[in-house]
Protein chains: 2
Amino acid sequence: MRLPLKTEYACQVLAQLASTYAAGDVRQVEELATAEGLSPNYLVQILTTLRQAGLVISRRGKNGGYLLARHPGNITLAEIATAMEGGSLIESSPGNGGKSAEMVRAAWVQVNEAMMERCSGITLNDLIPPYVPQDGADWVIF
Amino acid sequence: MRLPLKTEYACQVLAQLASTYAAGDVRQVEELATAEGLSPNYLVQILTTLRQAGLVISRRGKNGGYLLARHPGNITLAEIATAMEGGSLIESSPGNGGKSAEMVRAAWVQVNEAMMERCSGITLNDLIPPYVPQDGADWVIF
DNA sequence: CAATACATTAGTAAATGACGCAACTTTAAA
DNA sequence: TTTAAAGTTGCGTCATTTACTAATGTATTG
């Protein structure tokens, strides 16, 4: 099972927004797209989904952009995954009503719960990319 | 993320084999396929994968069939999933080397570990379908 | 050796995923 | 108030994956 790229991109762009959350400035799609190596038009689709889920806020018009709707420590992987994939992270397929289908389905529900629980313990704070010194600076003051 | 049907079918057919493990008889593809509502030819592909993973044993030729390679309580969901999907249950996509890609990938590795851990706690014994009385019998002695 | 049952491989149709594109709306700034 | 920057929306499309079907091969038993 591959994690859908859209979900991964969502995590990445949210991590970007988290890294400048303190400053309070909006970030423009163009810049975010460049940082993550995506086309702006495509990234917008992801950001739209995240906005509808209430994870980011957008400002339209000139000097518009995006920012996190809440504190990064308050946005979990579980919420992101739910926003991008709907209901449950992993769900048993409809199947064909086989004899033991019901038991199998129930088992995977439990797996999904364990997964969601772990996702709830990871926040955007855990995803913020480490500071990389620009060229010319070979030291950093923490 | 939908659990691939192949993986679900694998769980189902293994549950079937588990339900008659005590008897020690082999089960034929034809019968198993009927019980799970699949075409025999298709089910064979799944069983072949499970055999290569060492979860079932097959006997060819007349009176051939399949049986579990080990005790049902000793075969976990984790093994089944690994057999069907390879390495890790959920894996971060290759992506495009975005700025925060590495952190995101690491986070999902943790989620995968939590998932695998839970899967390791579910065995075929937990998947055995409950006994359903045949028509005519409206009671069961436990 | 013939019947039976598993094994393997190739092929295909449908669904899904990952985008690109274009036309529209909103809003800050000149 | 005009204008242009920037977000919004929906459609289209190409490639990949999935879920099979089918045909042919191989082993085992009587």
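Naming: A, B, ... by sequence-line order, numbering from 1 per chain.
Atom CG in Leu3(B) sits about 18 Å away from atom P in dT17(D), given to the nearest Å. Remark: P of dT16(C) and CD of Glu85(A) are 14 Å apart, rounded to the nearest angstrom. For the pair Gln28(A) CD and dA5(D) P, the interatomic distance rounds to 11 Å; values are reported in whole Å. Going from atom CG of Leu5(B) over to atom C1' of dT16(C) covers 13 Å, rounded to whole Å. Glu30(B) has its CD atom 12 Å from the C1' atom of dT4(C), to the nearest Å. Following rounding to the nearest Å, Lys6(A) (NZ) and dC19(C) (C1') show an atom-to-atom distance of 9 Å. Between the CZ atom of Arg2(A) and the P atom of dT16(D) there is a distance of 11 Å, given to the nearest Å. Atom CG in Leu67(B) sits roughly 16 Å away from atom P in dA5(C) (whole-Å rounding).
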Sort me out a list of protein N/O and nucleotides 28-30 of chain C N/O pairs below 3.5 Å, or just none if empty.
| from | atom 1 | to | atom 2 | distance (Å) |
| --- | --- | --- | --- | --- |
| dA28(C) | O4' | Lys62(A) | O | 3.3 |
| dA28(C) | O3' | Asn63(A) | ND2 | 3.3 |
| dA29(C) | OP1 | Asn63(A) | ND2 | 2.9 |

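Summarising the geometry of Tyr42(B) relative to Lys6(B), their closest heavy-atom pair is OH-CG, 3.4 Å, with the distance given to 0.1 Å.
At least one donor-acceptor pair closer than 3.5 Å links the side chain of Asn112(A) to the backbone N or O of Ile90(A). Proximity of a side-chain donor or acceptor of Thr76(B) to a complementary backbone N or O of Gly121(B) within less than 3.5 Å is not detected.
For Glu85(A), there are no salt bridge (charged side-chain N to carboxylate O under 4.0 Å, His left out) partners two or more places apart in sequence or in a different chain. Partners of Glu102(B) according to the side-chain hydrogen bond (donor to acceptor under 3.5 Å, both in side chains) rule, which considers only residues two or more places apart in sequence or in another chain, do not exist here.
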Exercise for review: Just do the side-chain contact (heavy atoms from CB on, under 4.5 Å) check on Ser58(A) and Leu47(A) with the steps written out, would you?
Suggested key: CA-CA 9 Å; Ser58(A) 71; Leu47(A) 285 165; over 6 Å; no
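Residue pairs meeting the salt bridge (Lys or Arg N to Asp or Glu O under 4.0 Å) criterion with at least one partner in residues 44-64 of chain A, sequence neighbours excluded, are absent. Sorted by first and then second residue, the pairs that involve residues 15-42 of chain A and meet salt bridge (Lys or Arg N to Asp or Glu O under 4.0 Å), not counting sequence neighbours, are Arg27(A)-Glu31(A).
Near-neighbour residues of DNA chain C inside residues 38-52 of chain A, defined by a heavy atom below 4.0 Å, number-ordered: Ser39(A), Asn41(A), Tyr42(A), Gln45(A).
Within the structure, every side-chain polar atom (N or O) of Tyr9(B) is placed at least 4.0 Å from both OP1 and OP2 of dA19(D). Note on Ser58(B): a side-chain N or O is less than 4.0 Å away from OP1 or OP2 of dA7(C).
Under the 4.5 Å side-chain heavy-atom criterion for grouping Ile, Leu, Val, Met, Phe, Trp and Tyr, Leu124(B) is connected to Ile122(B) within one hydrophobic cluster.
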